[in-house]
Amino acid sequence: MKRVSILGSTGSIGTQTLDVISHHPGRFAVEALAGGQNVPLLVEQAKRFRPKKVSVASKELAAEIKGQLPSGTEVLYGEEGLIEAAAGTEADYVVTAIVGSLGLRPTLAAIEAGKAIGLANKETLVSAGHLVTELAQKRGVKLLPIDSEHSAIFQCLNGEDLSRIRKITLTASGGSFRDRTRAELTHVTVEDALKHPNWSMGAKITIDSATMVNKGLEVIEAHWLFGASYDDIEVIIHPESIVHSFVEFVDHSIIAQLGNPDMRVPIQYALTYPDRLHTPTKPLDLTELGKLHFRKMDFSRFPCLKMAFDSGRSGGTATTVFNAANEVAVARFLQGEIRFLQIEEIIYETLAAHQATANPSLDEIIEADAWARQRAEAWKSL
Ligand code: NAD
Ligand code: MG
């Protein structure tokens, strides 16, 4: 029996993780659930999965949820609650499915406590990849990718010698505005941006897909997870999201992982690795599809991807700032304070004003993250 804690259990990845768990009775026990604001769903999940600890975003929500949980459930809140849900239970496995660099300290705490990580929260690796990977190595903790592209690469690399990789290729669907020109992006609405063609995901990552920031975060995530240099990571557009990513080796053999787009497959593989179990997902029939399409990435159409590569190559706090500026910019776009194309302006201007620190400590990361947030918040609107 695997004992699991889920940070962000009420979100897109969190609910799908619980769905995977519910398909395999007797295999998993849920030790802790942490969510943000969605009290009714957390209560429902707690009644069903009987975690020992439940955490919510604030003290007020903790007071609200207390009386509604099964007796004996401990209620926690805030960042300390997330850290306790991550590290202060009997769980041997933690799924990090909250959004943003808020996940950093809880993830580090879980690793420090020796728990394996099912990693969805990519912003953590972007913000402080060296701290997370160094600590995981030191503590002998596995970081199992949930992101579909990284799960694909992880599967392609199974048993391979990493020094024999020639190139890692991440596929990108292109997001909701894939077929629009830059001129057509000037006045797009929040509603348009939230319509992803292939995946149903949380709001922040859906916007990140439209700006191509998501693929930028994934490039940096791949750098840290697989130790690949930025010169050996490539991104191409693949509108169907069937080939989830691939690896080319020095002999020019390419190994790819394919499947219909359904996050329950990579979530389950991260949970059951190295085993594979049945899933209730739709099998892929290539003859039914007939054709798949691939095209070159256009960095002038998607400048955020270029900024991600540049900040990855600069290293240190540059990626912390890239991530934090984007988090604020996306939140401001979702609130109607800025236009779509201003997301990239905010990231660009925040990065340009930043003096990156190499090999930063946790305190320096937290400081750079706060500085970037403040600057991105202060950026003029509309
Ligand atoms: P989501 O917005 O659907 O869910 C986020 C979760 O975090 C929710 O449970 C929410 O309640 C919780 N949360 C928010 N603020 C919180 C706070 N202050 N304290 C505690 N909990 C808080 O997001 P998602 O789409 O599930 O994405 C989660 C992570 O997984 C992101 O890092 C995303 O990039 C990554 N990811 C998601 C997908 C996907 O298909 N959704 C795919 C790959 C990677
Ligand atoms: Mg992905």
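Bear in mind the structure is a predicted one, so any value in this text is a computation, not a measurement. Just follow the structure's listing: the first ligand is 1, and inside any ligand the first atom is 1. The analysis underlying the following values was restricted to heavy atoms, covering all of them including side chains, and did not include hydrogens, waters or symmetry mates.
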How about Gln268 and His24: does a side-chain donor come under 3.5 Å of a side-chain acceptor?
yes
heavy-atom search around atom 34 (O) of ligand 1 in the protein gives Lys122 CE, 3.2 Å
Looking at Gly11, which atoms of ligand 1 are within less than 4.0 Å of one of its heavy atoms?
1 (P), 3 (O), 4 (O), 8 (C), 9 (O), 26 (O)
What atoms of ligand 1 come within less than 4.0 Å of a heavy atom belonging to Ile205?
25 (O), 33 (C), 34 (O), 36 (N), 37 (C), 38 (C), 42 (C), 43 (C), 44 (C)
The protein heavy atom nearest to atom 35 (C) of ligand 1 is Ala120 O, 3.1 Å
Please give the atom name: the N, O or S atom of Glu149 nearest to the Mg ion (ligand 2).
OE1
Is it true that Gln45 and Ser9 share a donor-acceptor pair across their side chains at a distance under 3.5 Å?
yes
Which heavy atom of Ala85 sits nearest a heavy atom of Leu7, and at what distance?
CB-CD2, 3.9 Å
Test of understanding: given a 4.0 Å heavy-atom threshold, classify the contact between Met201 and ligand 1 as side chain, backbone, both, or neither.
both
Leu104: which of Thr96, Leu362, Thr320, Val126 passes side-chain contact (heavy atoms from CB on, under 4.5 Å):
Leu362
Considering only heavy atoms of Ile13, which atoms of ligand 1 have at least one such atom less than 4.0 Å away?
26 (O), 30 (O), 37 (C), 38 (C), 39 (C), 40 (O), 41 (N), 42 (C)
Considering only the protein, which heavy-atom contact is closest to atom 3 (O) of ligand 1, and what is its distance?
Ser12 N, 2.8 Å
How far is atom 20 (C) of ligand 1 from its nearest protein heavy atom, and which residue and atom is that?
Gly35 O, 3.3 Å
Qualifying residue for salt bridge (charged side-chain N to carboxylate O under 4.0 Å, His left out) with Glu31, from Lys53, Arg50, Lys2, Arg3
Arg3
Less than 3.5 Å apart, any donor N or O on the side chain of Asp363 or Ser361 sitting next to an acceptor on the other?
no
Have a look at Asp147 and say which of its N, O or S atoms is nearest the Mg ion (ligand 2).
OD1
Would you tell me whether Thr133 and Gln137 have side-chain atoms, one donor and one acceptor, within less than 3.5 Å of each other?
no
With a 4.0 Å cut-off on heavy atoms, does Glu123 reach ligand 1?
yes
Is the NZ or CZ atom of Arg276 positioned over Tyr269's six-membered ring, under 6.0 angstrom from the centre and within 45° of the axis?
yes
Do Tyr273 and Phe154 have ring centres separated by under 6.0 Å?
yes
Joint hydrophobic cluster, Met212 plus Val188, side-chain heavy atoms closer than 4.5 Å
yes
Minimal non-hydrogen separation, Leu61 against Gly36, with atom names:
CD1-O, 3.5 Å
Within the 4.0 Å heavy-atom shell around Thr10, which atoms of ligand 1 are there?
8 (C), 9 (O), 10 (C), 11 (O)
Is Val99 near ligand 1, meaning one of its heavy atoms is under 4.0 Å from it?
yes
Nearest heavy-atom approach of Ala62 to Val56 is N-CG2, 3.3 Å
Among the N/O/S atoms of Glu218, which is closest to the Mg ion (ligand 2)? Give the atom name.
OE2
Could you pull out, from Leu125, Leu7, Leu102, the option with a heavy atom nearest to atom 18 (N) of ligand 1?
Leu102
For atom 25 (O) of ligand 1, what is the closest protein heavy atom, and at what distance to 0.1 Å?
Gly202 N, 2.9 Å
With atom 6 (C) of ligand 1 as the reference point, say which of Gly36, Gly14, Ala97, Ser209 has the nearest heavy atom.
Ala97
Does at least one non-hydrogen atom of Ala34 fall below 4.0 angstrom from an atom of ligand 1?
no
Checking heavy-atom distances from atom 44 (C) of ligand 1 to each of Leu33, Asp147, Ile98, the winner is Asp147
Any N/O pair Gly100/ligand 1 closer than 3.5 Å
no
